[in-house]
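To start, the structure under review is shown below, and the notes come after it.
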2 protein chains.
Amino acid sequence: MNARLRDVAEHAGVSVRTVSNVVNGFRYVAPDTRTRVQASIDELGYRPNLAARTLRHSRTGLIALVVPEIDSPYFAELAARTVRIAQHRGLTVLIDQTDGDFERERLLLHGKRGQLVDGVLFSPWAVAPADLAARTDTVPLVLLGEHDGPAPVDHVAIDNVAAAREATRHLLATGRRRIAVIGVQPRTLNASARQRLAGYRQELEAFGLAPVVDRERPVRRLHRSDGYQAMLELLDSETPDAVFCFTDQLALGAMRALAERGLSVPDDVAIVGFDDIEDGRYSVPALTTVSPDKDQIASLALDALAAQGKPPRSIIAPHELIVRATT
Amino acid sequence: MNARLRDVAEHAGVSVRTVSNVVNGFRYVAPDTRTRVQASIDELGYRPNLAARTLRHSRTGLIALVVPEIDSPYFAELAARTVRIAQHRGLTVLIDQTDGDFERERLLLHGKRGQLVDGVLFSPWAVAPADLAARTDTVPLVLLGEHDGPAPVDHVAIDNVAAAREATRHLLATGRRRIAVIGVQPRTLNASARQRLAGYRQELEAFGLAPVVDRERPVRRLHRSDGYQAMLELLDSETPDAVFCFTDQLALGAMRALAERGLSVPDDVAIVGFDDIEDGRYSVPALTTVSPDKDQIASLALDALAAQGKPPRSIIAPHELIVRATT
DNA sequence: AACGTGGCATGCCACGTTGCAAACTCGACG
DNA sequence: CGTCGAGTTTGCAACGTGGCATGCCACGTT
């Protein structure tokens with residue numbers, strides 16, 4: 001067992017309270033008392049017991065980051081930034097991975113984490129606004145990423161419709177006309193995908209083009225393999241001259257399919273991705289993509305957690321289209 | 001404030017202890033008492049206070065995973081597996097990110113986490129065995145990855161020397177003779193890099209080739225940009241016919257440099273990486289690599305944490321060479 | 001009628017910490 | 001010389017939980 005305040009107190013010949021005062025830097029402690037107590041602390045290797053502190057303060061300094069999969073590059077990069085910024089603010093991040101499983105998401109929403117965390121940053125995959133509204137847990141919650149419908153919680157996201165329009169506009173501006181998309185979600189649940197699709201359609205229509213159903217390819221998940229598969233299917237019907245992929249991972253998978261079929265990017269087919277993950281910067285050719293400001297997202301989300309109690313807000317983080325070599 | 005055992009007790013008209021018995025599934029609780037208490041629990045939305053439980057049991061169910069950067073794909077994939085396996089075992093993982101900073105690593109080793117975690121999985125970058133030996137903290141610790149010198153802690157790693165020899169042997173077997181490496185660490189600290197270099201040299205010598213100093217390229221970190229840079233430098237002196245990169249990220253950076261210089265992989269230059277990250281499976285061409293069994297690493301490390309108290313062991317996880325299209 | 005037994009419920013306490021308020025010391029001031 | 005107050009130290013209680021031991025009751029046995 002580790003040394004407790006009491007052990008230190010006995011060792012230094014003072015009261016428990018005085019040791020506590022030293023540990024917490026209380027002002028009115030005589031210099032030599034402080035020195036003596038500190039010596040005992042060092043000698044006994046005393047470390048404050050965080051459980052006891054937490055019990056006293058009902059505050060843990062922990063926040064949970066809930067994501068479908070931490071090894072998906074977008075979430076990994078977001079997690080890295082969240083952890084870093086949280087560290088600066090004296091918070092520690094605990095990772096919960098749902099694998100996109102509805103039941104696991106629901107459990108976490110409804111307080112599986114108990115009093116363990118001071119707040120939850122939640123990147124939903126399967127749960128719907130209705131599930132959020134039914135929440136009884138009182139731990140502050142901030143949603144990461146798009147969601148629609150009126151959910152009574154803060155959420156931080158970029159403007160997906162605008163971003164998708166910019167991506168599509170860029171493809172149109174470079175002369176492409178047969179523009180496909182990869183990343184439509186079969187279930188209507190994923191709001192980000194829906195908004196990106198909406199933006200794409202809006203921009204096509206604004207340009208005077210009618211959407212072609214066959215060019216809007218669904219995927220099950222957002223992995224490279226899904227993009228690869230969808231691209232192959234797309235090529236089987238008609239070869240588009242551009243593909244707007246709803247994530248960079250899908251785009252990288254699609255590019256591999258194109259390479260295997262001997263098609264050149266961007267000469268035969270232009271590609272735009274979404275997320276600006278590190279891999280896209282080093283792919284050959286380098287990927288044009290919509291870049292959400294991940295530092296801002298993490299930072300704004302932590303702000304929102306800290307500011308809870310106020311009426312829920314929708315917070316828009318900045319994004320930008322980064323043109324590289326695939327368009 | 002959330003409901004406490006006492007609130008539930010009052011609401012149900014029983015003692016606090018009885019509620020506790022219900023919550024913990026104690027045998028001797030009358031069925032209708034149990035029902036009544038459960039109803040009160042549901043109505044009040046009672047959740048056990050983990051801090052209090054922890055204080056009582058001196059066990060948190062948390063373990064820390066300490067890595068240089070969580071968004072480096074290898075660590076992201078390792079973290080994903082660790083989190084998943086830990087969940088199965090009733091543990092929650094908390095991520096600490098050191099950015100490879102010596103001071104941050106030292107702090108974590110010496111108990112910054114206090115009594116918050118039941119164990120630490122530590123993937124060191126900057127700290128040396130001596131720092132480990134000087135550790136006073138009593139929280140169980142398991143090192144992930146190579147380290148040499150006698151450190152009095154468990155560690156889990158693959159056989160880096162053997163793996164590097166296999167990679168080199170494979171390149172030799174495909175007829176390559178001017179084999180360079182990228183990933184040597186300028187400081188002698190990183191043991192993995194040192195062992196991979198040793199394996200490479202051993203295999204060359206066993207084949208009757210003398211190592212060429214100029215072909216052993218150092219890097220500062222293990223990012224794509226480092227591999228890119230190192231490859232460019234390598235091309236400025238002499239074009240090797242193969243490069244063994246100490247991580248897949250370095251390899252992907254190197255491949256980008258080769259593409260820019262108009263060199264073909266694998267025709268002009270063969271590439272072998274190390275880590276088997278997802279990106280390498282979808283790069284064009286797909287990357288030949290040494291694949292450490294990450295599930296085994298995570299699983300063995302958690303076993304080792306659970307089994308602490310016994311004399312420290314070196315645990316070897318399996319690996320295999322996966323031949324794809326870059327060789 | 002006394003006794004034993006098994007089922008069930010409860011009170012007390014400790015886990016390690018800190019807030020609160022009181023108590024004590026000592027020099028300065030009227 | 002008494003009083004005041006700043007500086008310093010302390011004891012007590014409480015945060016929410018669960019281990020322990022004990023108490024109580026109904027029922028069956030001797």
Side-chain angles (χ1 to χ4, degrees), chain A residues 1-41 44-62 111 113-118 137-139, chain B residues 1-41 44-62 111 113-118 137-139:
Chain A
M1 186 58 73
N2 278 300
R4 299 157 300 164
L5 276 186
R6 196 165 69 195
D7 301 322
V8 177
E10 281 170 14
H11 187 271
V14 295
S15 77
V16 169
R17 200 57 248 268
T18 299
V19 181
S20 172
N21 284 338
V22 171
V23 171
N24 294 291
F26 181 65
R27 267 178 58 206
Y28 297 133
V29 178
D32 70 325
T33 309
R34 170 163 277 137
T35 314
R36 195 152 38 92
V37 170
Q38 189 59 52
S40 298
I41 288 176
L44 299 180
Y46 167 78
R47 314 263 164 214
N49 181 316
L50 296 202
R53 276 197 173 163
T54 297
L55 182 57
R56 205 73 187 73
H57 292 135
S58 57
R59 201 181 153 287
T60 61
L62 286 177
R113 280 282 161 249
Q115 334 283 55
L116 182 58
V117 298
D118 297 338
D137 196 26
T138 57
V139 177
Chain B
M1 185 57 74
N2 277 299
R4 301 158 296 165
L5 277 186
R6 197 167 68 196
D7 301 322
V8 177
E10 280 169 15
H11 187 270
V14 295
S15 76
V16 169
R17 202 54 250 271
T18 300
V19 181
S20 171
N21 285 338
V22 171
V23 171
N24 295 290
F26 181 65
R27 268 177 56 203
Y28 296 133
V29 178
D32 70 325
T33 308
R34 170 162 277 135
T35 313
R36 197 153 35 90
V37 170
Q38 189 59 51
S40 297
I41 287 176
L44 300 181
Y46 167 79
R47 313 267 164 210
N49 181 316
L50 296 200
R53 278 196 170 163
T54 296
L55 182 58
R56 202 72 185 73
H57 293 130
S58 54
R59 203 182 152 284
T60 61
L62 286 177
R113 280 285 160 245
Q115 335 281 55
L116 181 59
V117 298
D118 296 339
D137 197 25
T138 57
V139 177

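Computation of the quantities below employed the complete heavy-atom set of this structure, encompassing side-chain atoms and omitting hydrogens, waters and symmetry-equivalent molecules. This structure is a prediction, so every number in the text was calculated from the model and none was measured. Protein chains get the first letters and strands the later ones, always in sequence-line order, with residue 1 at the start of each.
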Main-chain N/O of B:Arg53 paired with B:His57 side-chain donor or acceptor, under 3.5 Å: yes

message: With a 4.5 Å cut-off on side-chain heavy atoms, are B:Val19 and B:Tyr46 touching?
response: no

Which atom pairs, donor and acceptor, lie under 3.5 Å between side-chain atoms of residues 28-36 of chain A and protein residues at least two apart or in another chain?
residue	atom	partner	partner atom	Å
A:Arg34	NH2	A:Phe26	O	2.8
A:Thr35	OG1	A:Pro31	O	2.8
A:Arg36	NH1	A:Ala12	O	2.6

- prompt: Looking at B:Leu5 and B:Ser20, what are the two nearest heavy atoms and their distance?
  reply: CD1-CB, 3.9 Å

message: Using a heavy-atom cut-off of 4.0 Å across all strands, would you classify B:Arg53 as base, sugar-phosphate, or nothing?
response: sugar-phosphate

task: Look at all strands and tell whether B:Leu55 reaches a base, only sugar-phosphate, or nothing, counting heavy atoms closer than 4.0 Å.
output: base

field: With A:Arg56 via side-chain contact (heavy atoms from CB on, under 4.5 Å) - residues at least two apart
entry: none

query: If you check every side-chain atom of B:His57, which of D:dG19, C:dG19, C:dG7 has the closest atom?
result: D:dG19

- prompt: Which heavy atom of B:Ala3 sits nearest a heavy atom of B:Leu44, and at what distance?
  reply: CB-O, 3.8 Å

Whole angstrom value for the distance that separates P of C:dG16 from CG of B:Leu116: 16 Å

task: Mind calculating the distance between CZ (A:Arg6) and C1' (D:dA13) to the nearest angstrom?
output: 16 Å

query: Between A:Leu116 and B:Leu62, is any pair of side-chain heavy atoms under 4.5 Å apart?
result: yes

query: Of all heavy-atom pairs between B:Leu55 and A:Ala52, which one has the smallest distance, and what is that distance?
result: CD1-CB, 3.8 Å

- prompt: When the distance from CZ of A:Arg4 to P of C:dA14 is rounded to whole Å, what number comes out?
  reply: 12 Å

message: Mind checking if B:Phe26 touches a base, just sugar-phosphate, or nothing, with heavy atoms under 4.0 Å?
response: nothing

- prompt: Would you say A:Asn49 reaches C:dT17's phosphate, i.e. side-chain N/O to OP1/OP2 under 4.0 Å?
  reply: no

- prompt: What residues form a side-chain contact (heavy atoms from CB on, under 4.5 Å) with A:Gln38, not counting sequence neighbours?
  reply: A:Val22, A:Ile41, A:Asp42

- prompt: Does B:Tyr28 have a side-chain nitrogen or oxygen under 4.0 Å from the phosphate oxygens OP1 or OP2 of C:dT5?
  reply: no

- request: Can you sort out which residues in residues 29-38 of chain B have a heavy atom within less than 4.0 Å of DNA chain C? Ascending by number, please.
  value: B:Val29, B:Ala30, B:Thr33

task: Go through residues 11-23 of chain A and report each residue with a non-hydrogen atom lying under 4.0 Å from DNA chain D, sorted by number.
output: A:Val14, A:Ser15, A:Arg17, A:Thr18, A:Asn21

task: Figure out the CG/P separation between B:Asn24 and D:dG16, and round it to whole Å.
output: 17 Å

- line: Here the pair of heavy atoms bringing B:Ser40 nearest to B:Val8 is CB-CG1, 3.9 Å

message: Could you tell me how far apart A:Arg56 (CZ) and C:dC15 (P) are, to the nearest whole angstrom?
response: 16 Å

task: Convert the base pairs of DNA chain D into dot-bracket notation, remembering that pairs crossing earlier ones are written with [ ] and that bases paired across to another strand are shown as |; include only Watson-Crick or G-U pairs under 3.5 Å.
output: ||||||||||||||||||||||||||||||

query: Can you check the B:Glu10 CD to D:dG16 P distance for me, whole Å?
result: 12 Å

- request: Using whole Å, report how far CG of B:Leu50 lies from P of D:dG18.
  value: 10 Å

